[in-house]
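Shown next, in structure tokens, is the structure this report addresses.
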Amino acid sequence: MSVNRIVVFAISLLFSAAILSAEEIAREPYNDRYCMTCHGVDGRGNEGVQAPRLAGMPAWYLQRQLKNFRAGIRGTHPQDIEGLAMQPMAAKLSDESIADIVAWVGSWETIAAERTIEGDAARGRNFYSACALCHGDNAEGNEAMGAPALAGQNDWYLLTQLKNFMAGYRGSHAEDIYGAQMRSMVNTLRNEAGIINVVAYINTLPR
Amino acid sequence: MSKPVSRREFLNLIGASGGSAAVLTATSALGLLPTTAAAASPDLLNPGSSKRQVAILGAGISGLTAAYELTKAGYDCVVLEASHRAGGRIFTVRSGDLIDEIGNRQYCEFDDEPHMYFNAGAARIPSTHRNLLHYTKELGVELEIFINECKNAYVQDDNMLGGKPIRNIEYTTHARGFMADIMAKSLSGIELDEPFTEQESETLLGMIRSFGDLNEDNLYTGSLRAGYASGGFLHHGVQKDMIAFRDLLKTDLGRLLLNANEGDTGPVLLQPKGGMDMTIQAFVANLGDRVKFRSAVTAVQVKEQGVDVVYEQEGVRHKIEADYCFNCIPTHLMAGIEHNFPAEYVSAMKYVRRGEAFKAAFQAKTRFWEDEDIYGGGSWLNSPIQEIWYPPHGIHKAKGVILGAYDYGGRAGLMNLSQEERIELCLAEGEKVHPDYRSLVEKPITIAWHRMNHMLGCSARWSRNRGQGWTHEEETMYHTLQKPVNGRHYFIGDQISMHSAWQESAIMSAHWALADMDKQARATA
Ligand SMILES: Cc1cc2nc3c(=O)[nH]c(=O)nc-3n(C[C@H](O)[C@H](O)[C@H](O)COP(=O)(O)OP(=O)(O)OC[C@H]3O[C@@H](n4cnc5c(N)ncnc54)[C@H](O)[C@@H]3O)c2cc1C
């Protein structure tokens, strides 16, 4: 293909890697910015790998999760299938790497996830009033309560998380303080139908 | 015990009804027997001056096949590859190479010598995979025989004989002997019912006797086939003691041993000299700078008259406006890339599961297995490492690279461990077969395919009910994904085949797509 057909249309200075020819690089270098392979282009989320949207995630929440995964506070329960996939991805990250990644992810544009789950949003709304205390009326998140935004997140991911909290696959590690707070709330949803309905309601909120 | 076979069932079995002719037609319909001479290369029409720009996403062997054939036919191709290397799941690891397993990156520290390599992905070429063999021939890739089985390698199970390893030849000789003994006895029972002529039963009994090395009374009393206890050359060979069948039944490994060399992995198998990626290297050399490395596709938009592709190289995004697009990016990764595929296409993409596979390898300081009469092949262990392979190449050289584990799913024991834990497990298990293993091997590498960057899987899994074949819905989704979008975007790769995890399937999927595109091109030419 001729070079002039290749149009440069966006320059993102995300990588500062020096441009070296193959001969100059004795060994292929690498960094820890490998998140997009699983979390999708620009952290849009990828259902194919069950890895949620990261774009738009606030620094405080992202950092806490990465540190929790690294310490094995999250993603080590043998039934937490998806968490077990993520946990080793954080296991070797240094503090500097985490800081670098948090800044990098912060530069991605928020892309609201596509809606894939249908349920009884009216019923879900009733359930949601209990959630709003921590997650905010519009599920926009509340740093003071340590509760992340839910609006705009991949609905299939919210579903796994609520199921995992309910089953104790997430939030039952002794040191998972924030997870425990959430876990104590999840039973207000009663069962899987409740979970689906509340997610259906969250899907209706502005994002 | 299951119920005895009825006379009628027996007659069906020996071919009184159904018959061998029916069987023959069925197998040739499946392409198992050659119906015509092999014609591997698709014959593509030269596109002329229009509609000639093709974007190929992913430098897997299917993408490279497409690029190679299209370039030959006069198309302008660009191959976009996210990784620093081509070949995807065809990955030969050599001194200094990066193993880009996410969260567990490693560099290979093997000695820098031509035979000191490890095929971390594809390793075997069946002699029936004629499209792949066609390209090795056309591209001048030298082949050699791959030794899949060495009867002197070991079988080890903690539950069998107190964990003591025995030679494969002992296990299989005794297992066949005992099985033949039972078959011979049941044949005499059948004879009473006379489904066979006298001549037939004599022939059959002869086969059974030879299968199990039975004595003249049709009993198994051990066999010299299992190896000599002593002698054998200048003195008469002394037969080894028999191992009780009950002891052999303490392990399930028999099932693997008895079919390890059948079907796809039946003799004879081949490998390129110097590493499986020799084919990839030859394709890439042929395509030159049409292959763009470290160029991750970030968006694919199918339009009325073509496909727009955006990719990111060194932090900069570029856009290509192509007439056609061939895409071998694994569907589970494509799901996280911006696209405008139709809904049924997307649900098929999301349906396909990704398989898991794990391999480990060591540099061996000496070729210690050759001192134990082992050349090529592998030992079987009932453990997470499952197999140890001895290299069929570099025979009698100072060192070699051995496979220290090969788990293709179902066990999951090794995959979720840290690098240190994986290595320790490989050493601890290897020691059960070769007592000095720990001191004989060094410089380990491990590869968990479902964590490899830009891959995250060992092969597509379409069928969810294992062993029971594909459902109707699965077949429909498969055909949906095989069909082009707008006649412009084709998914390719072994993921678009009904026999994933083979290079041949990847190549044939590309051939199918090329032929489909060519048909359209000819219709509008
Ligand atoms: C452990 C193991 C053992 C195997 N053993 C054998 C064997 O013995 N014999 C045999 O014939 N076959 C074997 N196979 C199967 C064989 O390797 C595959 O069938 C074949 O290589 C698949 O080729 P493919 O064309 O489908 O592409 P893949 O190899 O899947 O390549 C896909 C390419 O897409 C690239 N990519 C991903 N994301 C992007 C992006 N965003 N942008 C650009 N590029 C991207 C990847 O980096 C990769 O190069 C084995 C496989 C494994 C894993």
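Naming: A, B, ... by sequence-line order, numbering from 1 per chain. All figures in this text were calculated on a predicted structure; none of them were measured in a lab.
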Residue-level contacts of residues 103-110 of chain B with chain A, using a heavy-atom cutoff under 4.5 Å: B:Gly103, B:Asn104, B:Arg105, B:Tyr107, B:Cys108, B:Glu109
Taking the side chain as every heavy atom from C-beta outward, state whether A:Val49 and B:Arg354 have any pair of such atoms under 4.5 Å apart. yes
I need the minimum non-hydrogen distance between A:Gly48 and B:Ala335, along with the two atoms involved. N-CB, 4.1 Å
Counting only heavy atoms not in B:Glu424 (residues, nucleotides, ligands), do more than 12 fall under 6.0 Å from its CD? yes
Should we say atom CZ of A:Arg125 is surrounded by more than 12 heavy atoms from elsewhere, each under 6.0 Å from it? no
CG (A:Asn191) with more than 12 external heavy atoms under 6.0 Å: yes
Take atom CZ of A:Arg123 as the centre, draw a 6.0 Å sphere, and report whether it contains more than 12 heavy atoms from other residues, nucleotides or ligands. no
Compare every heavy atom of B:Leu98 with every heavy atom of A:Pro29, then report the nearest pair and how far apart it is. O-CD2, 4.4 Å
Working to the nearest 0.5 angstrom, can you tell me the gap between A:Tyr34 OH and B:Ile102 CD1? 7.5 Å
Is the closest basic N to carboxylate O distance between B:Asp100 and A:Arg27 below 4.0 Å? no
Donor-acceptor contact below 3.5 Å, side chain A:Asn46 vs main chain B:His332: yes
Heavy-atom pair count under 4.5 Å with chain B, highest-scoring of A:Gly40, A:Pro88, A:Ala90, A:Cys38: A:Pro88
B:Arg353 atom CZ: more than 12 heavy-atom contacts under 6.0 Å: no
Among B:Val310, B:Val297, B:Ile337, B:Leu333, which residue satisfies the side-chain contact (heavy atoms from CB on, under 4.5 Å) criterion with A:Val41? B:Ile337
Proximal component of B:Leu456, with respect to chain A [non-hydrogen, under 4.5 Å]: side chain
When A:Gln87, A:Lys92, A:Arg44 are compared by non-hydrogen pairs under 4.5 Å with chain B, the top option: A:Arg44
Any side-chain heavy-atom pair from A:Met89 and B:Arg451 closer than 4.5 angstrom? yes
Using only non-hydrogen atoms and a strict under-4.5 angstrom cutoff, which residues of residues 153-161 of chain A touch chain B? none
Is the CZ atom of A:Arg190 crowded by more than 12 outside heavy atoms at less than 6.0 Å? no
If you tally heavy-atom pairs under 4.5 Å against chain A, which of B:Met349, B:His454, B:Arg85, B:Met455 wins? B:His454
Flag if over 12 foreign heavy atoms under 6.0 Å of OH, B:Tyr345: yes
